[in-house]
Amino acid sequence: MGNSFGFLRKVMMLPVWMLVAFLAVMVISVPLDFRDQWIFGLGVMLAAFIVSRTKSRRGTLVLAGIALLVSTRYIWWRTTHTLEFGTPVEFVLGTGLYLAELYAWLIMLLGLIQTSWPLHRPVVEMKGEPSEWPTVDVYIPTYNESLDIVRNTVFAAMDMDYPADRYRVFILDDGRREEFREFAREANCGYLTRTDNKHAKAGNLNAAMKKTDGDLIVVFDCDHVPTRAFLQLTIGWFQRDPKLALLQTPHHFYSPDPVQRNLGSVEDLPGEGDLFYGPVQSGNDLWNATFFCGSCAIIRREALMQTNGFAGETVTEDAHTALKLQRMGWNTAYISARLSAGLATERLILHIGQRIRWARGMTQIFRIDNPLFGKGLKLPQRLCYLNAMLHFQFPLPRIVFLTAPLAYLIAGQNIIHASAALIFAYAVPHLYISTLSSERTQGGDRRPFWGEIYETLLAFHLVKPTVLTLLQPRKGKFNVTDKGDLLDKTYFDLDAVKPHMVTIGLMIFGIVFGTGRLLIFSEPGSMPIGTLLLNIGWATFSLIILLAAVSVARETRQVREHIRIDQTLQATLYRDDGYVFDCSTINFSMGGVAVRLPEGMDLTGHTINSISIPMGDDTLTVPVEAIRTDGGILRLRFEPLDQLYSRQLVRAVMGRADAWQPSAPREPVSGMRSIKDIVGVDAVTFKRILGPSLGRVPVTLTAIAALCVLAGALTPSFAQEAPPLRSGPVSQDLGAGMRQSRMTLEDLSIRSPIRLQGTRAEIGIPFGMRADEVATKASVTVNMAYSPALLGDLSQLVVMLNGEVIQTVKLLPDGADGTTLELEIEPALFLPGANQLNFRFLGHYAADCEDPFHSSLWMNISNERTFLDVTVQQLKFPPDLRKLPAPFFDEHDSMPLNLPFVMAARPSDGELEAAGTIASWLGSLASYRGFRFTPQSGVLPEGNAVVFLDAQDRVPGIERQVTGPEVAIVPNPADEFGQLLLIMGRTDAELKQAAAGLAFASGFVGGQDISMKDFRVPAFERYGAPRWLPTDRKVPLSEISEPYSLEARGLPPGPLSAQFRVSPDLLFWPGTGGKVDMAYRYPAAPWLDRAASRLDVSLNSNFLETLPLGGESVLNRLVKGAQTVSEERKAKVTLPRYNLFGQNELVFDYNLILADKSECTGMIPTNVAVSVLADSQIDLTGAHHAMQMPDLAPFAGAGYPFTIRPDLAETAILMPRDADAATIETYLVLMGRFGDSTGAPTVRARVTREVNPNRMHDEDILVIGPVSLGNDQDLFHGAPVSFAGGQIHVPASSLMDRVGSMASTRKRNRAAEANDTLMAADEFTGMIGFESPFASRRSVVAVLGSDTSRLPGMIYALEDIDVIADVQGDLSIVHGDGMASYMIGSSYWISDLPWWLAFAFWMSGRPLFMVFSGVIVALIVAGPVYALLKRQERRRLQDMDSES
Amino acid sequence: MTVISVHSPKGGSGTTLIAARLAMSFAGRGRPVTLIDYTRQDTLKLHFGMVPSQTIQPWQGAEADAPVIGGVRLVKGYGSRMAAEQLVQDFSGGDTSQLFIFDISSSNLELRHEISRFADFNLCVLEPSPADLTSLTLLDEGQSIRELQNFGVVLNRVDEQYKLSRHCRRFLAELLGEQYFGIVRRDEAVNEALAQFEVLEKFAPQSVVLRDVTALTNMIEAHLKGEPGVSTEGADTATRRAV
């Protein structure tokens, strides 16, 4: 019952866990921009800080959870965003750093599993009669250690509280020394030796095993002195758990390790081993993965027999033996009570040697007997062992971390592809929280940043052993760690830290060099000051750590023959005059003791005879000799002791059960305090190195810092220039096929005044002539101004048409202020089709020697007041289908397309649909030139026109029997120069068929008419608009622009440009935008100033990036000499999403600077050519479609969302039944705009006159007509404005909604303001967007006017990009010259994003929600993890109870 | 009202010192103490800084006030006409917080017997010497000292530099168990203080005797309150339990 209930609960919890997992993935993977990432980072840091204040274990787990999330997020970001490298060197270095970070992350993860719940195993009482307790063999293996050391251990071991007949002590002497045999006999302990030294320590132990027979084997390294209680406090566990094979106790060192000793200035520093013998082994114990550390452990003989004794294959036999035991299913355990004490390695070089052995051994096990594989282990056990082995792979990553900033500082390589600010934003929370978390799990046993010092100390030495062993695990031999040596003088062990010194030198050089290079060589403004600061900060941290490591190499002199052990005990002193008094001891050694004398005790003239030291329930009194007294502290030396006394002394000093127990756990130290200590150590070392010359450094540093700040202030800002207005060419009909038109240069796409500079400059302006027209009279009017310093007889303006000179104008000083010239042009120079007008400026300010770039060499030609007047005569051609779309549209016509549509007075839906198709087709052809389609009925207009004919319609002057879907061209009976395009069909369907056939067809064979009966209308995919760049592949520039537009000549060569359209709803998230993979080519000649020349890339007038025009490397130039070559470079430029619109222009502007500008010597290169290669690609792959609606901007720009299907297959167009001409014109022009946007005719648009929810539920709805259409409550009840009572206003409810929607991320609603505007105007012309009432995620756009005749004007005005920029939000009203837009109603999304990506995107705008999610995930997950760990703890401790 | 007798089966073991120090120690803890000297030597006063010429008359009734030094009322019982029990009654005046300490001459076994009938605690002072240990067997004829109630032994003048001192201590501790009331170590400062007519606290404030008597006082106090003996030297065992 309970089981099934539990199962049910699990099933019910499943969605919760899936949600938690989903949120976790989101928190890890959702990318944020710089600002939001900082908000997120500060938020989680604050949360983590608060959690870290709680002291519970649950808090530890929550903190670990947050740390894991944030660090994984960092790694995810590094993986997905920063691994882009420009050069092979960057690739190698960057990958190295990335791998190192990956390693650190893995170690962190394993560490969390290992140490988040240390098991505090209590000691248990022995059971049963002492005569039945297990028998114990105590092994003390020795090889070359001195007897003085071994003696103490043997004494202490023999003094352990355990039935004397149930344990024996053996010296295992691999050194085969006679004095040891002698000592063993005197001390009455066992002495075992063997003939060879095979397998070193493991072999020694194995040999002894064969000669003894105790149930348990205790191993003490010869310097590990056990307390008397050792056996009593440990063996109980072997009685309790019959499967217990190994019980390890800490290796406590009563002498300071090299770091503690040589950095004596740091108070109370924990030993290096404290972390391992604290949280790590206790954590291992929780998972039954404690491993043997070679000494101070008890092993069950029975278990050891199964593994054939101690493992001898590796140099760390201890860990490997434990692993083998565990594979056999035996348990291991750890008691964290300090029950023995030993000597730490004395000198740094020995310490390093010992670690080399460990690192090699662990790596060997990793290779030979990898804990991840093989039988017998549970997953947590595998992971704990794996962590121990991987831990020793730290050398390479550590070196990488230390030296990574050099890549930038010295080599100038960016090995993390991100801005420094963003790196900070991601790395700071990751580093802070992981430090917080590890501080928490490591407590006072390892101070913050000291791990880095320990690793740094060893890293360089351990590279070889780890890497070589990883490759060849079976090589190398065992070396014994020497201990207890004396050091007779302080010296600096340079050998041990030579690599560190070199690295320090490199770091300092790097900082100075990097700063200097940046200050001296880079242009102000382009200086990546953030990157420099990041790298300098990093390098400084490395320096701090390296210096601290180097400080350890200063080996302090050690004069004491014996290690002092701090012990505070009550002792009694016997003065020679019989006075006896108490004192407290400060420290002991086997040679003497220091005591603090009671206050007021004066020893002048007296000596001390003896001292009594308490020893369990007894005391030990030994004769002493006073050495000296100072400040109330008396130092006494023990007189030479006989064996009995020294044995008792060992017992008194080292044998007490509580001799090594710390009175309280070490207080954790804050990161700040720790770094202060480390900097203190550095300062001392620095002072020692530099001596008195110190003190000038800060001045230099301040200067550098000041320069950095100054440089930062020079960063330029890019102002945007508003594009000028455009009015369009003017044409005047003169009758009889004669027409006069005036085109300003602005009409010919010259958007700004022409500025010509230098001694020779030229601009060419292309324009077109219709093929059915010839020029009869033409003139060009030039409005110009130029430098008054020009020499009139030498300076000229040459005006040319199609290469022929029209006139050469002398630039005389008196016309410099402004001259208007009217130049007649020989009409014969005009060509049908493409023409080009050129202005060439030849400027001179001096007769002989002049600087070609002198500032006085300039002239300006106005783009607005310079124009071409052309009078043309139309020609008569017979109607010919082959020429389509001419004459109705001629691509070389510079005039806007103006084409009447002749239709029925009240056209049917189908006729309108067919007209829409034709309008969109023509719109797509006429494109930027603009177009007007005026509907007419009954009469034929002059000129060209489109006529729709069905079976019923009769247009006067056209006698034609409609027999099916047909297209024909006939002369216009109303105008001899005009032609008519007939679209015919007996039914609406046939009419549409004919129109579609025309719109899609290309290359008619000729003739006057063609039947479209067999034409099949092609279908379009969503987002399949031919003009929209596809997002499933990269598009080469050659596909979207003419080759000549990507090439330029001359100096300056002028901008190159490429136009393209994209779907307006592109969402590159999580990327930042599209990309241009560009290749560009330019001449690299000696005249080019390579450092100053550049290529600027901008998109839609927004500057994107400057690309360098570097030349060949210095080396090549030296070898080959300076040569003129064409240089080709590649670059990747991001097209940011916020700069991408429906229609875009990408501009590449070469800015070539001459190297030598001095007077008279300048050689101006001529005919310089530059290009952007046509195989450069625009890469929009990976973009999704998503748009927050309603938004009228993409509608105005690209007909969005209707044009998602370019043939408008999902669009209903609602018009009034009695639509007037203006409404129809509005409709036609809109279709023209749609066609222009997509490049596809709107063949599947559905025109309707009634609201039909059933049909409209899967359609977007475009409403065109009078405001009365808004009275349809079914359709318009969701609109942002209300039409009730004939007055358009914002409903009150929307005004109220404002408060609620303030929280949304969209910009503020302006309902009240909109209402004011609506109320003030007496009429309404505008656009409204809202979500369709018939289907979610469908849109309605209503183009409404109280006076419909104003509607076409509103749409035509959209040709002006300034007007179009004003259209946005869900309400846009004609207001004065432009449009006023408001966002009032609620919004919705149109997107093809998968739900999870949509959520991620939603989240990316809400960093605080992400903080919240992260904390919630950590909190929720911490619950079950807590329960799991708690259960595991109970199992580990209780399990054994149940068996007892 | 509490009565403690201090006695040694062998003369010269330092009962007077122990009695005097105990009295001062208790007085220092705020108890009104009356120390009654039943020895002939009249050396008790020396421990309170009095000179030999100052004499305390045997108590004969209420005719003269007993001197009070350092919170201890000194009464000479030796030569008094009054019975010991009568003395106690007279002085107590019904005040139950009163503490009476009797310093009993080693030879006066009868008095020891008499007082032990109403004493709350009988302290036996020994020196670490074979003679003292031997004399212990003659304390109560026919009865093993192990069976005595409210009885404790303190080892005086212990000097751990000497083997016999250490061994006696260990022997007694094992032999007596709960009746073992620790040691008071030998300190030459005690003698020198007497010679200088000074109180030990002033003369040698660091003397181990002071510390040891404090420990002894603790044990007696605990015993009087009916608590089990607290060994001041059991720290080792206590810690072991805590591990």
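Order of the sequence lines sets the chain letters (A, B, ...), proteins ahead of strands, with each chain counted from 1. Owing to the predicted nature of the structure, the values given are computational and were not obtained by experimental measurement.
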Item to complete: State the CG-CD distance between D577(A) and E192(B), to the nearest 0.5 angstrom.
Response: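 If we round to the nearest 0.5 Å, D577(A):CG and E192(B):CD are 6.0 Å apart.
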Worksheet item: Atom CG in L620(A), atom CZ in R166(B): separation rounded to 0.5 Å?
Response: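 That separation rounds to 8.0 Å.
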Discussion item. Checking Y162(A) now: which residues fulfil side-chain contact (heavy atoms from CB on, under 4.5 Å) with it, not counting sequence neighbours?
Written reply: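 In terms of side-chain contact (heavy atoms from CB on, under 4.5 Å), with neighbours along the sequence ignored, Y162(A) is linked to M126(A), W133(A), P134(A), V136(A), R166(A), Y167(A), L231(A), I235(A).
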Worksheet item: So which of P205(B), S207(B), A204(B), A189(B) has the biggest tally of heavy-atom pairs under 4.5 Å with chain A?
Response: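 The answer is A189(B).
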Worksheet item: Just by distance, do the side chain of Q206(B) and the backbone of E599(A) share a donor-acceptor pair under 3.5 Å?
Response: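 Yes: the side chain of Q206(B) pairs with the backbone of E599(A).
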Worksheet item: Which answer fits S610(A), side chain, backbone, both or neither, if we ask what part of it has an atom under 4.5 Å from a heavy atom of chain B?
Response: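 Answer is both: backbone and side chain atoms of S610(A) are under 4.5 Å from chain B.
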Fill in: Other residues, nucleotides, ligands: >12 heavy atoms within 6.0 Å of R40(B) CZ
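Incorrect, the count does not exceed 12.
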Discussion item. Counting only heavy atoms from other residues, nucleotides and ligands, does the tally under 6.0 Å from CZ of R596(A) exceed 12?
Written reply: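 Atom CZ in R596(A) is not crowded, with 12 or fewer foreign heavy atoms closer than 6.0 Å.
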Discussion item. Test of understanding: with side-chain hydrogen bond (donor to acceptor under 3.5 Å, both in side chains), list the residues that count as partners of S116(B), not counting sequence neighbours.
Written reply: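 Not a single residue meets the side-chain hydrogen bond (donor to acceptor under 3.5 Å, both in side chains) criterion with S116(B).
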Worksheet entry | Min side-chain heavy-atom separation T572(A)-E160(B) under 4.5 Å |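 Heavy-atom side-chain distance check fails, nothing below 4.5 Å.
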Worksheet item: Closest approach of D159(B) and Y574(A), non-hydrogen atoms and distance?
Response: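 The pair with the smallest heavy-atom distance is OD1-CE2, 3.4 Å.
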